[in-house]
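Single-structure report; data block below.
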Amino acid sequence: MYIVSKRMEIAGCHRLSLPYESRCTRMHGHNWIVTVHCKSKTLNNEGMVVDFKHIKDKIHSYLDHGNLNELLNFNPTAENIAKWICDNVPLCFRVDVEESGNNKATYIKDDEEERI
């Protein structure tokens, strides 16, 4: 099994829709550190699992310096962002989204999901 990881920083703003009082319901920004993990049993014709540039083009180019509430059609929590990235990158099985040094969400695709 081949595994590659692409780490990138994404600057952007968002506000969360929450049923309780929180400062996070106001527009605010982060410099997210996102790590995308992809795997494959075989390599493509170029000898790669996936080109790192393709991951960056798909995710960083779309989200960086954007308003995530406008770019994404869900409540942009770190958890939801991690799943969205995983769903949008071919061969991705895990995504780590770090909002700050102390707050990180990880989404790992369940092997059973791939069989559905």
Side-chain angles (χ1 to χ4, degrees):
M1 183 66 64
Y2 298 94
I3 296 176
V4 297
S5 299
K6 171 68 177 166
R7 183 177 183 271
M8 60 196 112
E9 185 170 349
I10 296 173
C13 65
H14 71 156
R15 61 179 171 69
L16 300 181
S17 176
L18 302 171
Y20 52 87
E21 198 168 317
S22 171
R23 293 185 323 174
C24 294
T25 60
R26 296 191 304 246
M27 188 63 71
H28 62 283
H30 296 283
N31 287 332
W32 283 275
I33 301 298
V34 174
T35 306
V36 177
H37 307 270
C38 299
K39 68 180 178 178
S40 179
K41 290 182 180 180
T42 60
L43 299 178
N44 65 19
N45 291 337
E46 293 76 36
M48 297 182 257
V49 172
V50 62
D51 191 322
F52 295 125
K53 182 182 181 327
H54 294 162
I55 297 171
K56 184 175 181 181
D57 288 349
K58 184 90 170 170
I59 302 306
H60 187 272
S61 296
Y62 183 67
L63 296 178
D64 191 48
H65 284 80
N67 177 341
L68 302 190
N69 294 88
E70 293 175 359
L71 296 172
L72 305 171
N73 63 351
F74 51 80
N75 196 23
T77 63
E79 296 88 340
N80 284 335
I81 293 167
K83 183 175 185 324
W84 179 85
I85 291 170
C86 195
D87 290 345
N88 282 280
V89 174
L91 304 175
C92 183
F93 72 97
R94 175 184 174 151
V95 176
D96 302 307
V97 175
E98 190 174 334
E99 265 189 4
S100 66
N102 298 322
N103 301 315
K104 180 168 94 171
T106 298
Y107 176 79
I108 300 173
K109 189 180 287 185
D110 187 333
D111 287 339
E112 291 194 22
E113 283 182 59
E114 294 175 3
R115 288 179 251 164
I116 297 176

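Just so you know, these numbers use all the heavy atoms, side chains as well, and skip hydrogens, waters and symmetry mates.
- Between the CE atom in M1 and the OG atom in S40 there is a gap of 7.0 Å [rounded to 0.5 Å].
- With hydrogens and angles ignored, the 3.5 Å screen pairs no side-chain donor or acceptor of D64 with any backbone N or O of H60.
- With rounding to the nearest 0.5 Å, the separation of CD1 in I10 from NZ in K56 is 10.0 Å.
- What you find for N75 and N80 is that their closest heavy atoms are O-ND2, 2.8 Å.
- Residues V89 and C38 meet the side-chain proximity criterion, which asks for heavy atoms closer than 4.5 Å.
- In this structure, Y2 places its OH atom where only 12 or fewer heavy-atom neighbours from other residues, nucleotides or ligands lie under 6.0 Å away.
- Under the rule for a ring-ring contact (aromatic ring centres under 6.0 Å, His included), the partners of H28 that lie at least two apart in sequence or sit in another chain are H14, H30.
- In this structure, M8 is not a member of the same hydrophobic cluster as I3, with clusters built from ILVMFWY side-chain heavy atoms closer than 4.5 Å.
- In terms of heavy atoms, L63 sits closest to W84 at CD1-CZ3, 3.9 Å.
- Taking both residues in full, the closest heavy atoms of K104 and T106 are given as CE-OG1, 4.1 Å, listed atom of the first, atom of the second, then distance.
- Here the side chains of R15 and R26 are not in contact, with every heavy-atom distance at 4.5 Å or above.
- Side-chain contact between V4 and M48: absent, with no pair of heavy atoms (C-beta onward) separated by less than 4.5 Å.
- Note that CD1 of I55 is 14.5 Å distant from CZ of R7, once rounded to the nearest 0.5 Å.
- Residues V34 and F52 share a hydrophobic cluster, clusters being chains of Ile/Leu/Val/Met/Phe/Trp/Tyr side chains in contact below 4.5 Å.
- The shortest heavy-atom contact between L18 and C24 is CD1-CB, 4.3 Å.
- In the displayed structure, E21 atom CD is contacted under 6.0 Å by at most 12 heavy atoms of other residues, nucleotides or ligands.
- The distance from the NZ atom of K109 to the CG atom of D87 is 6.0 Å, given to the nearest 0.5 Å.
- Residues L68 and P76 share a closest heavy-atom pair of CB-CB, 4.0 Å.
- Within the model, atoms NZ of K83 and OH of Y107 stand 4.0 Å from one another, a figure rounded to the nearest 0.5 Å.
- Evaluated for a side chain to side chain contact (heavy atoms under 4.5 Å, CB included) with C86, the options V36, I108, V95, I81 yield exactly one hit, V95.
- In this structure, the separation between CH2 on W32 and CD on E99 is 6.0 Å, given to the nearest 0.5 Å.
- Among all heavy-atom pairs drawn from V49 and L43, the shortest one is N-CD2, 3.8 Å.
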